[in-house]
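I have placed the structure first, in the form of structure tokens, so that the comments after it can refer back to it.
As a basis for the values below, the full set of heavy atoms in this structure was taken, side chains included, without hydrogen atoms, waters or symmetry mates. Remember, it's a predicted structure, so these values are computed and weren't measured experimentally.
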Protein chains: 2
Amino acid sequence: MSEKADFNELTERQQHLLRALVEHYISDGQPVGSRTLVKESGLSLSAATVRNVMADLEDLGLIKSPHTSAGRIPTNKGYRLFVDSLLTVEKPTQEEVERICNRIEAEDNIQAILDKTSSLLSEVTQLAGLVMVPRIEAQSLRHVEFLPLSENRVLAILVINDKDVQNKVIHTRRPYTSSELEQAANYLNQVFAGRDLSSVRSHILNEMSEAREQMTQLMATVIEMTNALDLGKQQQDYVIAGQTNLMGYDQMADLDKLRQLFEAFNQKQDILHLLDQALEGQGIQLFIGEESGYEALEDCSIVTSTYESDGEILGVLGIIGPTRMPYKKVIPIVDVTAKILGSALKSMS
Amino acid sequence: MSEKADFNELTERQQHLLRALVEHYISDGQPVGSRTLVKESGLSLSAATVRNVMADLEDLGLIKSPHTSAGRIPTNKGYRLFVDSLLTVEKPTQEEVERICNRIEAEDNIQAILDKTSSLLSEVTQLAGLVMVPRIEAQSLRHVEFLPLSENRVLAILVINDKDVQNKVIHTRRPYTSSELEQAANYLNQVFAGRDLSSVRSHILNEMSEAREQMTQLMATVIEMTNALDLGKQQQDYVIAGQTNLMGYDQMADLDKLRQLFEAFNQKQDILHLLDQALEGQGIQLFIGEESGYEALEDCSIVTSTYESDGEILGVLGIIGPTRMPYKKVIPIVDVTAKILGSALKSMS
DNA sequence: TTTAGCACTCTACCACTAAGAGTGCAAAAA
DNA sequence: TTTTTGCACTCTTAGTGGTAGAGTGCTAAA
């Protein structure tokens with residue numbers, strides 16, 4: 001065989017046939033044989049020649065046959081090469097874009113926007129949609145309130161970035177009175193309103209050491225409160241929609257596999273870790289099959305895109321589905337959705 | 001045949017055999033035939049006699065055979081009769097009770113308690129656990145706060161029952177200043193702290209009409225705020241855990257059915273409606289198969305119990321699984337879990 | 001009323017076959 | 001050297017028939 005066996009330098013013909021094979025398999029779901037491929041590719045070659053090429057591609061680990069007398073299907077490596085260098089994406093229609101745009105912008109609070117985005121992703125692609133909730137780097141403290149509960153418990157309410165409210169029950173060492181708490185809150189509001197949340201704690205410790213000798217009851221209260229609040233520690237989370245879409249694909253017909261997958265969705269941690277990786281990568285990112293590193297996802301591909309506003313990356317969103325998915329359509333949809341979400345979030349503030 | 005064909009008056013023997021059949025089928029999963037049933041029942045009868053009885057039970061619609069030469073399995077009507085009058089429940093072990101008790105009481109806020117309860121239900125029964133979030137009839141207002149956001153938006157924070165925090169962005173007709181809002185909040189806090197939430201609105205309208213002529217700016221503000229808050233209107237919700245457990249049962253092997261079920265879980269409304277019915281019914285309640293009235297649940301049974309504290313019903317919890325489930329164990333577990341949850345919520349306040 | 005006997009039915013399993021799809025290889029053609 | 005033709009071979013799928021086992025319903029006897 002004179003075809004270059006070099007992975008990085010497939011011949012024109014190899015590329016052409018690989019692309020045709022992957023595309024046909026994606027739309028058909030059946031292993032594709034040499035005869036079919038000849039017709040599909042448009043090349044004027046005989047089936048035998050195509051067979052030779054296919055044998056080469058198989059040697060390269062790009063395609064495989066499920067059994068002797070079936071056609072070939074792409075391996076994950078094959079999919080990877082396909083999306084990296086053979087794929088011609090198909091821009092979403094104006095209609096689709098507008099639909100996404102309108103429906104996202106109709107929502108009026110962050111949670112609703114994320115939910116809608118996720119369900120739109122799943123609806124348009126017929127896969128499962130994922131949206132990581134934005135990690136707001138700059139969490140600026142707007143307002144603090146402490147309310148004494150029974151005994152040694154205090155309810156803390158934080159208003160962050162002018163609209164998000166977090167609350168937390170703090171278990172304290174000793175009971176505090178309303179007025180103590182009020183003073184502490186007033187102090188914090190006066191000194192730290194508008195400041196970045198993650199810096200509040202260190203600032204307080206600074207000020208405390210400066211004024212150690214005149215350490216007041218107030219200061220002690222403030223310190224206990226802020227310590228307990230775990231400021232700046234933001235728990236990550238994501239919103240998922242359309243999991244049930246995944247139950248329709250033959251590739252996911254294995255109930256055990258499907259179960260593992262759904263458990264991963266519930267557990268959240270693995271998926272979060274993956275989204276975290278995608279966050280590092282910036283822009284569009286694909287994980288095909290075992291590339292994700294999780295057994296539960298070994299038959300799945302994940303397509304993600306970071307979303308940003310004002311050039312700052314806020315989070316990541318995407319879809320998850322079987323490795324055999326219409327990348328051509330899915331990738332651009334994830335892309336525009338990320339852009340739309342970014343600007344929707346921006347216009348919220 | 002001389003057996004009474006009256007549905008309400010099965011003979012001893014019919015009851016005995018039906019019980020044996022249902023129990024055997026529940027633990028085995030296989031249709032049970034006359035020979036097996038003879039052994040199982042402990043009666044000294046021949047298989048032929050048992051066959052006659054089975055034929056009668058089939059005429060009554062209590063059992064059926066999947067095909068000619070298989071044994072019989074209970075119909076939903078059969079299950080119903082079984083749980084209503086043949087079932088001898090099996091008290092949960094001390095161990096199980098303590099495990100549930102300890103793990104629920106280890107949690108420190110309502111959401112965590114509900115989550116844990118739900119996942120314990122699913123863990124212990126190997127089915128899916130459901131917990132409806134309590135509808136707190138008496139929502140006593142503890143504290144109100146209003147913060148102006150950009151333009152015509154105000155962030156309202158309500159502290160209810162000393163520990164739950166609700167917040168909502170209110171779109172107002174005109175911009176309000178901080179001090180206006182502060183005054184309104186002060187007014188509400190002074191007059192209505194500790195009062196029942198659902199009554200606040202009507203009280204305000206009353207007072208307004210009394211003092212109509214001296215209608216102040218303050219009053220107008222207060223009214224707009226409270227109107228926008230939609231006080232007392234509480235949206236229902238539930239917590240679910242262990243859905244994936246359901247993927248293991250042969251009865252639920254049909255992917256399409258399973259998918260419908262999972263969609264119902266996501267949609268929430270049907271399940272909520274069902275839980276609502278269970279709430280009316282008080283105490284333990286079973287829905288077997290089509291009794292629930294939802295197609296997605298036609299192969300499922302739901303076992304619920306209301307939970308209460310101080311004699312007041314707060315909500316409902318339970319499990320959902322295939323109609324073929326170990327009712328004998330499941331029912332008492334749902335029962336004690338409801339009691340434990342009730343007292344855990346009580347000790348929270 | 002109950003039991004024994006028996007014919008009958010249906011499923012599950014197995015082995016076998018035939019058709020169809022697709023391959024790989026070797027020799028011929030370009 | 002590359003491509004094609006021809007062909008033997010492999011494997012899947014669907015269908016067939018046959019058998020064993022489980023269970024039933026019915027009838028006649030106990």
- Message: If I compare all heavy atoms of I63(B) with all of L18(B), which pair ends up nearest, and what's the gap?
- Response: CG2-CD1, 3.8 Å

- Item | Minimum-distance nucleotide (side-chain atoms of H67(A) versus dT12(D), dG24(C), dT3(C)) | dT12(D)

- Query: So which heavy atom on I320(B) is nearest to which on L246(B), and how close?
  - Reply: O-CD2, 3.5 Å

- Kindly compute the distance separating OG1 (T244(B)) from CZ (R259(A)), expressed to the nearest 0.5 Å. 5.5 Å

- Query: Quick one: D59(B) CG to dT24(D) P, roughly how many Å, whole number?
  - Reply: 14 Å

- Item | Distance in angstrom units between M54(A) CE and dG22(C) C1', rounded | 9 Å

- Could you work out which one of dT23(C), dA22(D), dA21(C) sits closest to the side chain of S69(A)? dA21(C)

- S118(A) and V239(A) have their tightest heavy-atom pair at OG-O, 3.4 Å

Pairwise N/O distances under 3.5 Å, protein to nucleotides 25-30 of chain C:
none

- Are the side chains of L261(A) and C300(A) in touch, meaning some heavy atoms are under 4.5 Å apart? yes

- Message: Strictly below 4.0 Å: does T49(A) bring a side-chain N or O up to OP1 or OP2 of dT3(D)?
- Response: no

- Message: So that I can tick it off, tell me whether R99(B) and E95(B) are bridged by a salt bridge, with the cut-off set at under 4.0 angstrom between side-chain N and carboxylate O.
- Response: no

- Length of the CZ-C1' vector between R13(A) and dT1(D), whole Å: 12 Å

- Item | Side-chain donor-acceptor pair present, E291(A), N76(A), cut-off under 3.5 Å | no

- What is the distance, rounded to the nearest whole Å, between atom CD of Q14(A) and atom P of dT2(D)? 12 Å

- Contact class for T68(B) vs. all strands (heavy atom < 4.0 Å): base, sugar-phosphate, or nothing? sugar-phosphate

- Task: Using whole Å, report how far CD of E12(B) lies from C1' of dT1(C).
- Result: 18 Å

- Message: Are there over 12 heavy-atom neighbours, none belonging to K268(B), within less than 6.0 Å of that residue's NZ?
- Response: yes

- Is there a residue in residues 17-39 of chain A whose heavy atoms reach under 4.0 Å of DNA chain D, and which residues are they? none

- Does a side-chain N or O from R72(A) land closer than 4.0 Å to OP1 or OP2 of dG22(C), or not? no

- Item | Separation of atom CG in D56(B) from atom P in dT2(C), rounded to whole Å | 11 Å

- Task: Determine, for E58(A) against K64(A), whether the closest basic-nitrogen to carboxylate-oxygen distance falls under 4.0 angstrom.
- Result: no

